[in-house]
Amino acid sequence: MTFSHGLSETAKEGSCHLNHPSQRVDLKNLSPQELKQFITSFGKETYRCVQMLRWLYREGVHTIDEMTNLSKKFRQELKEVSTISSLRPLRVEEAKDGTKKFLFELEDGNHIESVLIPDKSRLTLCISTQVGCALGCRFCLTGKQGLKRNLVVSEILNQILGARETLKDGPSITNIVLMGMGEPLANYDNTVKAIELMVHPEAFKFSSRRVTLSTAGLLPELERLSKEKVSFRLAISLNASDEKTRNYLMPVNRRYPLKELLDVCHAFPLRRRTRITFEYVLLEGINDTLQDARTLLKLLRGIPSKINLIPLNEASEIPFKRPSDEKVRKFQEILMGGGVTAIVRASKGADISAACGQLQGKSSEFGVGSSEEKP
Ligand code: SAH
Ligand code: SF4
């Protein structure tokens, strides 16, 4: 990417979208490498990049003027061609178990949700990568909406900053999971750039072991991902142990069948001591038999893996039921008996529709627009 007068075509695209009618680049849409190039196009030293990354992501500034270790003249030059976007939650809802759901309104009026989940020493933020999702899994409310659009890098990152601001002196966010609205790999470039900033030592500085991308299994993108330098944890939404059931539950399986998905997982380069997490939503009478559990064991043989069992979070629009706790326990026992770590994921935040698959970015139910509804 080349910058002329401090602007690039890709950066302009991102900023056009966010800062219409202005043509200024949103600094949070630039990868660390792009930010460096942007700064050098002003004739500035590259260490300024480190300073700016710290201001943007550690300090979380909202304006260029707040970057006080940059000269006034440079700040003025920056302001002429660039800007800093932010997102403040329109509404924060807290569940009985302490889970919080954030509703964010984007520049174009679309809405997205993020969920903050406290669990022992961890505080995990689940973030969205798209408005809606095109993949239409039958058990997922986000899938029911269809796809509205991809999020740009700044919109992905601003969920972290927006949620973090509400915590003030409280506990810090320790983990990020890309398991909110959308399919991260269908928004490949923006997702990977955002992850680069999450793990960059001068930006958010999350350990790569604490950032997890979850995908329904877009194979060309998974293969591309396997060659990326940036590292993070990978989760695959499996949800069935045979092609027929997966075809039915996840239409994406007709394009990228289970067998090919597992072949890619076998070949996926993993860092030492890391495993792929396989997510398996349990649906009564559909994929929850003990035979399913045994087949699953066979399928995953040879892949360093752990399994997250997620008993379905029910909703009136979803035509399935969650299996009994007893059934879930037996399914788990078979997997554990086969030597695989299998964890039953508690459905946190279900009373505020913040659990897996319940995110819809719905503004109407919150009465958005009425000022007394805002925090
Ligand atoms: N699109 C990505 C990430 C978002 S979905 C993916 O599919 O992996 C995140 C997780 O929520 C997936 O594992 C999905 O299987 C799960 N999920 C979706 N709807 C659910 C529901 N109603 N109950 C429980 N889990 C659900
Ligand atoms: Fe999309 Fe994931 Fe929901 Fe499937 S489960 S519709 S891939 S968000």
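Whatever order the structure lists them in is the order used to number ligands and atoms, beginning at 1. This chain uses plain numbering: 1 for the first residue, then up along the sequence. Below, each value reflects all heavy atoms present in this structure, side chains not excepted, and no hydrogens, waters or symmetry copies.
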Under 6.0 Å between ring centres: does that hold for Y57 and F204? yes
Between C126, S237, G143, flag the one that comes closest to atom 8 (O) of ligand 1 by a heavy atom. S237
Take every heavy atom of C137, measure it against each atom of ligand 1, and state whether any distance is under 4.0 Å. no
Mind checking whether E279 contacts ligand 1 via backbone (N, CA, C, O), side chain (CB onward), both or neither, at a 4.0 Å heavy-atom cut-off? side chain
Answer side chain, backbone, both or neither: which part of I310 comes under 4.0 Å from ligand 1, heavy atoms only. side chain
Would one find an N or O of P184, backbone or side chain, under 3.5 Å from an N or O of ligand 1? no
Regarding T212 and N175, is there a side-chain donor-to-acceptor distance under 3.5 Å anywhere? no
Is the shortest distance from atom 2 (Fe) of ligand 2 to a protein heavy atom below 4.0 Å? no
Please evaluate residues R24 and E80 with respect to the criterion salt bridge (Lys or Arg N to Asp or Glu O under 4.0 Å), reporting the C-alpha separation (whole Å), side-chain torsions for both, the decisive distance (0.1 Å), and the verdict. CA-CA 7 Å; R24 290 180 294 170; E80 278 161 25; over 6 Å; no
Tell me which part of T215 gets within contact of ligand 1: side chain, backbone, both or neither, using heavy atoms under 4.0 Å. backbone
Do E279 and N308 have a side chain donor and acceptor closer than 3.5 Å? no
Quick one: ring pair (Phe, Tyr, Trp, His ring centres under 6.0 Å) pairs with a partner in residues 144-176, sequence neighbours left out? none
Assign the ring pair F320 / Y248 to parallel, tilted or perpendicular, where the plane angle (0 to 90°) is split at 30° and 60°. perpendicular
Would you please determine whether G180 falls within less than 4.0 Å of ligand 1 on a heavy-atom basis? yes
Distance below 2.8 Å from atom 1 (Fe) of ligand 2: protein N/O/S atoms: C133 SG
